[in-house]
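Here it is, the structure in full.
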Amino acid sequence: MSRKISIGAALALALLMVAASIPLTMLYAQREHNKLIEDLPKLVAEFGALQEIQNKVGDEFYKKPARDAVNIGMVRGYIAGLRDPQSRYLSAQEYKAYMQRLEGKTPELGIVLKYSPEVVGLVIDQVKAGSTAAVSGLLPGDHITKAETGGVVLESIKAEVSPDEAAAAISKFYEETAVTADTASVAVTITYKRGGAYQPPVNVMLGSDVSSVSTDMLADWADTGGIPAKTVGYIKIHHFFSNTADQLEAAVKALSAQNAMSYILDVRGCSEGNLESVCKAIDLFAGVGDRAGAMVTVNYRNRAPQLWPSDENSIVSFAIGHIAVLIDGNTSGAAELFAYDLRAYNPTKVFLVGTPTKGVRTVQEPFPLPAVGGAALLTVGELTPYGAEAGKEWAVAPNEPLPETDKLEAVTYSISGAEGQLTGAVAILTKPREKK
């Protein structure tokens, strides 16, 4: 016999069944998500800690927090927790400047200053090749006595500077002449002495390209084994940006036109640059050695390994003698790869002088963060140079070790070769190491 129930009882029973199904459904969903998302319970606990501090701040902090500042702080803290010194958060302005520098587009004067006790003031130590300072006719050794921009005299530059004031004055000068790409047309008027005599002031434009290299012909070269003076070109490489390879090739050709047959490439203190730019620079010299094998292999966590083969079309098209590469403990990242590969490709032509490099064997990439602005610069892979063992930690060791001093002392290194190359016991006298 069938029984009938009231409509109200039927609705109550239906609601009871729905209510009973909800926790069962949630339990099933949680189990399935635990399978799909690795360490979900742990992630929930981590976000629980974040929720906990958020609740405490909301209840107890004495004023309303600034949401943007809190978000950026969380991003900075997360990246800091990775404990990787190469990874960091870049603000929107820092990210823009970072990308501009990699493209070689940050404006600069193109001069490096140092203190001279002879003139008791600041003189030009280096003029970067192709810079507006070089075009204006400034030379190493010029004594800068005054600088002004827009009619405002820069406080950092004086005719006389005491030794105690020198470091701060140089730093202040770079700060006063640092501008953004939007003001690339600004000029600095420089008054200077050469050989103790005042010269006509020059207007040095803040150029639109970064000068990656500066050059010189070594005058203090030992006349040993029949080597005439000034047969060795000196090239300081400041960083590896998108225009570095072109500037480096132009510098070598210019020195070659001055009868340089061998070269000293100085990457002491060099740390800035990206992988593509340094591989282009390496390829300039890889042509005089063995090209078998990739210049570098990058091993990623979740990507296939990336190989950077040598480009047969990128060859310095003139004879090169021996090459000495100067390295130190501040040679890092792209510059380490440059030194390592040059010697690995050309072990009979290239030798390294100085102290072991820093040992940074990773590569970084920037990732924009629209939610907070700026970007996260993250380490994404490990480098394996040409002929190196994958996964093995490495720093580049010199052929000829030297104590790390402000000025590189005389070095002897014996290589047999034709006249004009690094042959016999040759004293390498170089410029002081650039300080950070």
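Along the sequence shown, residues are numbered consecutively beginning with 1.
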Can you tell me how far the CG atom of N243 sits from the NZ atom of K280, to the nearest 0.5 Å?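 Nearest 0.5 Å value for the CG-NZ distance: 10.0 Å.
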Could you check if a side-chain atom of R343 sits within less than 4.5 angstrom of a side-chain atom of V325, using non-hydrogen atoms only?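 No; the side chains remain at least 4.5 Å from each other.
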Measuring from L342:CG to L265:CG, what's the distance to the nearest 0.5 Å?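 So the CG of L342 and the CG of L265 are separated by 6.5 Å.
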Donor-acceptor pair between T244 and Q247 side chains, under 3.5 angstrom: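 Not at all, the side chains of T244 and Q247 share no donor-acceptor pair under 3.5 Å.
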Can you tell me how far OG1 of T145 sits from OH of Y192, rounded to the nearest 0.5 angstrom?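 Atom-to-atom, Y192:OH and T145:OG1 are 10.5 Å apart.
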Is the shortest side-chain heavy-atom distance between L284 and L248 below 4.5 Å?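 Yes, close enough: below the 4.5 Å cut-off.
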Is it true that Q86 and T362 share a donor-acceptor pair across their side chains at a distance under 3.5 Å?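 No pair is found: no donor N or O on one side chain lies under 3.5 Å from an acceptor on the other.
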Compute whether any side-chain donor of one residue and acceptor of the other, for N203 and T189, lie under 3.5 angstrom apart.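 Their side chains do contain a donor-acceptor pair, which is all the 3.5 Å distance test asks for.
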I'd like to know if the side chain of S214 pairs up with that of H238 as donor and acceptor (distance under 3.5 Å, no hydrogens or angles considered).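 Their side chains do contain a donor-acceptor pair, which is all the 3.5 Å distance test asks for.
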To the nearest 0.5 Å, how far apart are CZ in R361 and CD in E382?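 The CD atom of E382 is 4.0 Å from CZ of R361, to the nearest 0.5 Å.
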Is any side-chain N of the basic residue among E52 and K56 closer than 4.0 Å to the acidic one's carboxylate O?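 Salt bridge absent between E52 and K56.
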Taking all heavy atoms of Y115 and all of G121, pick out the closest pair and write down the distance.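 Looking at all heavy atoms of both residues, the shortest contact is CD1-O, 3.5 Å.
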List the steps and the verdict of side chain to side chain donor-acceptor pair (under 3.5 Å) for D84 and T379. CA-CA 8 Å; D84 174 42; T379 295; 2.4 Å; yes
Under a plain distance cut-off of 3.5 Å, with no hydrogens placed, do Q93 and S91 share a side-chain donor-acceptor pair?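 No pair is found: no donor N or O on one side chain lies under 3.5 Å from an acceptor on the other.
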I323 side chain reached by F285 side chain, heavy atoms, under 4.5 Å: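 F285 reaches I323 side chain to side chain.
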Minimum heavy-atom separation for D328 to G269, with atom names?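 Closest heavy-atom pair between D328 and G269: OD1-N, 3.2 Å.
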What closest approach, in Å, do A147 and F173 show between heavy atoms, and which atom pair accounts for it?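 For A147 and F173, the tightest heavy-atom pair comes out as CB-CE1, 4.3 Å.
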For the residue pair Y345 and Y386, does the interplanar ring angle fall in the parallel (under 30°), tilted (30 to 60°) or perpendicular (over 60°) class?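 Ring orientation of Y345 relative to Y386: parallel.
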Check this for me, if you would: do E272 and R101 make a salt bridge, where the nitrogen-to-carboxylate-oxygen distance has to be below 4.0 angstrom?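 Looking at E272 and R101, the cut-off is met.
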If you measure from the Lys or Arg side-chain nitrogens to the Asp or Glu carboxylate oxygens, is any gap between E365 and R303 under 4.0 Å?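 Looking at R303 together with E365, the answer is yes, because their closest N to O distance falls below 4.0 Å.
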Any side chain to side chain donor-acceptor pair (under 3.5 Å) involving residues 64-81? Give me the pairs, sequence neighbours left out, ordered by first then second residue.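 The answer is none; no pair qualifies.
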